[in-house]
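Report on the structure given below.
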Amino acid sequence: MDWHKCSQSFIQIVEDQSFTQAANHLYTSSSALSKHINWLEDQLGVQLLQRTTRRLDLTLEGEYFYEQAKSLLNEWQDLKETVRNQSDEPRGVLTIGISVIFSSLYIAPLLPRLLEQYPELTINVKTLTYPLLYHVENLDLYFSHKSPDFFSVNMDHHVIGQAHLKLFASPTYLQEKGTPQTLADLSKHNCLMSMGSDAPQVWAFDNGETVAIQGNLISDNSTTLIKAAVAGLGIVFASPTAFNDEVKGALVPVLPEHQSQTWTIYAYYPKLKTLPFKTQSFLDYVEDKLRSALK
């Protein structure tokens, strides 16, 4: 047992109001957290928490310890990051959280060259879905199109850029099936549908029009849909940022004057006085590449 680990456990329990959720946050068990609290209370000689089957309440001593311990742990974290930031190269493990759709569209294509540029950096990518958002505060970075009011007040955010989708198909498909001349024509084509959309069988455009589509392929992975389009299966509604050089040469725009509504891409990270150098370096790299691609 040590003061740092046990205090961290106590703070997480207080903020989550649950041993179970705190254990999920800290990737441990509820029984381990109970031992941490018991150790703290034994060392301090006071009761910190009043536990019932329905809720957790802080004692007066618990309230005081929570405020002071959180302040000290934040100062310790800032000290560690300040020292680490003296390095001239980002290093260590950077844990980023991302959805499957968002990762394949925007982040995954950037990782190979980034890791070539920063050989001392290791990227740990965790694919999350929105019901698992209680994990985000344990990540170094989390990328999402969800607005800041969706997230905890313990997270800071940075706007990366604006994104949109456009229509693409292979020349082979268009030669065989014809090229749509209007948005309404899309209903006559094989459209490759994304489960990442709230309504995969409807495509919505920035002029306010919506088109009911049909197709024989639906997937929650944009890479799968793009590869199918390259193979000549149908029309894909995708972000150009997801295209590598090979894809760019294999697909052509369809109705290029039309696109989806734009949305904001955010990067979220824990509130700290000093942002870790590895986090700042990754954020700067991604922001530069995405903003160039999203213009």
State whether the side chain of [X] and the backbone N or O of [Y] hold a donor-acceptor pair below 3.5 Å, judged by distance alone.
X: Lys166; Y: Pro256; value: yes
X: Thr224; Y: Ser219; value: no
X: Asp185; Y: Thr182; value: yes
X: Glu176; Y: Leu174; value: no
X: Ser34; Y: Ser30; value: yes
X: Gln68; Y: Phe65; value: no
X: Asp16; Y: Ser18; value: no
X: Asn190; Y: Asn216; value: yes
X: Glu41; Y: Leu48; value: yes
X: Thr122; Y: Val93; value: no

For [X] and [Y], work out which heavy atoms get closest and say how close.
X: Gln50; Y: Thr59; result: CG-CG2, 3.7 Å
X: Pro180; Y: Leu255; result: O-CD2, 3.5 Å
X: Leu251; Y: Ile226; result: CD1-CG2, 4.3 Å
X: Pro171; Y: Val252; result: CG-CG1, 4.0 Å
X: Ala163; Y: Ile265; result: CB-CD1, 3.7 Å
X: Leu141; Y: Ala267; result: CD2-CB, 4.3 Å

Please check if [X] and [Y] belong to a single hydrophobic cluster, counting links between Ile, Leu, Val, Met, Phe, Trp and Tyr side chain heavy atoms closer than 4.5 Å.
X: Trp263; Y: Val286; answer: yes
X: Leu44; Y: Val14; answer: yes
X: Ile11; Y: Tyr64; answer: no
X: Phe143; Y: Leu115; answer: yes

Step-by-step side chain to side chain contact (heavy atoms under 4.5 Å, CB included) determination, Phe237 to Leu192: CA-CA 8 Å; Phe237 200 26; Leu192 310 177; over 6 Å; no
Got a second to check how far [X]'s [atom1] is from [Y]'s [atom2], nearest 0.5 Å?
X: Phe205; Y: Gln261; atom1: CZ; atom2: CD; value: 11.0 Å
X: Gln280; Y: His158; atom1: CD; atom2: NE2; value: 7.5 Å
X: Glu61; Y: Leu49; atom1: CD; atom2: CG; value: 11.5 Å
X: Asp140; Y: Leu94; atom1: CG; atom2: CG; value: 4.5 Å
X: Lys35; Y: Cys6; atom1: NZ; atom2: SG; value: 11.5 Å
X: Glu63; Y: Asp57; atom1: CD; atom2: CG; value: 9.5 Å

Would you call [X] and [Y] a side-chain contact if the rule is heavy atoms closer than 4.5 Å?
X: Ile13; Y: Glu15; answer: no
X: Trp203; Y: Thr210; answer: no
X: Tyr66; Y: Phe10; answer: yes
X: Arg91; Y: Phe277; answer: no
X: Asn124; Y: Ile96; answer: no
X: Leu217; Y: Met193; answer: no
X: Leu139; Y: Lys126; answer: yes
X: Ser187; Y: Ile213; answer: no

Side chain to side chain contact (heavy atoms under 4.5 Å, CB included) between Gln117 and Leu114, worked out: CA-CA 5 Å; Gln117 182 173 329; Leu114 180 144; 5.7 Å; no
Ser29-Ser31 side chain donor-acceptor pair, cut-off 3.5 Å: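 Side chains of Ser29 and Ser31: pair found under 3.5 Å.
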Tyr269-His157 aromatic ring centre distance below 6.0 Å: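 No, the ring centres sit 6.0 Å or more apart.
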Geometric class of the Tyr118/Tyr285 ring pair [parallel <30°, tilted 30-60°, perpendicular >60°]: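 Perpendicular.
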Gln175 atom CD, over 12 foreign heavy atoms within 6.0 Å: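 Atom CD in Gln175 is not packed in, count stays at 12 or less.
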Audit row: Asp206, Ser260, side chain to side chain contact (heavy atoms under 4.5 Å, CB included) steps and yes/no: CA-CA 5 Å; Asp206 61 354; Ser260 71; over 6 Å; no
Stepwise side chain to side chain contact (heavy atoms under 4.5 Å, CB included) test for Gln201 and Gln214: CA-CA 6 Å; Gln201 293 179 317; Gln214 58 183 348; over 6 Å; no
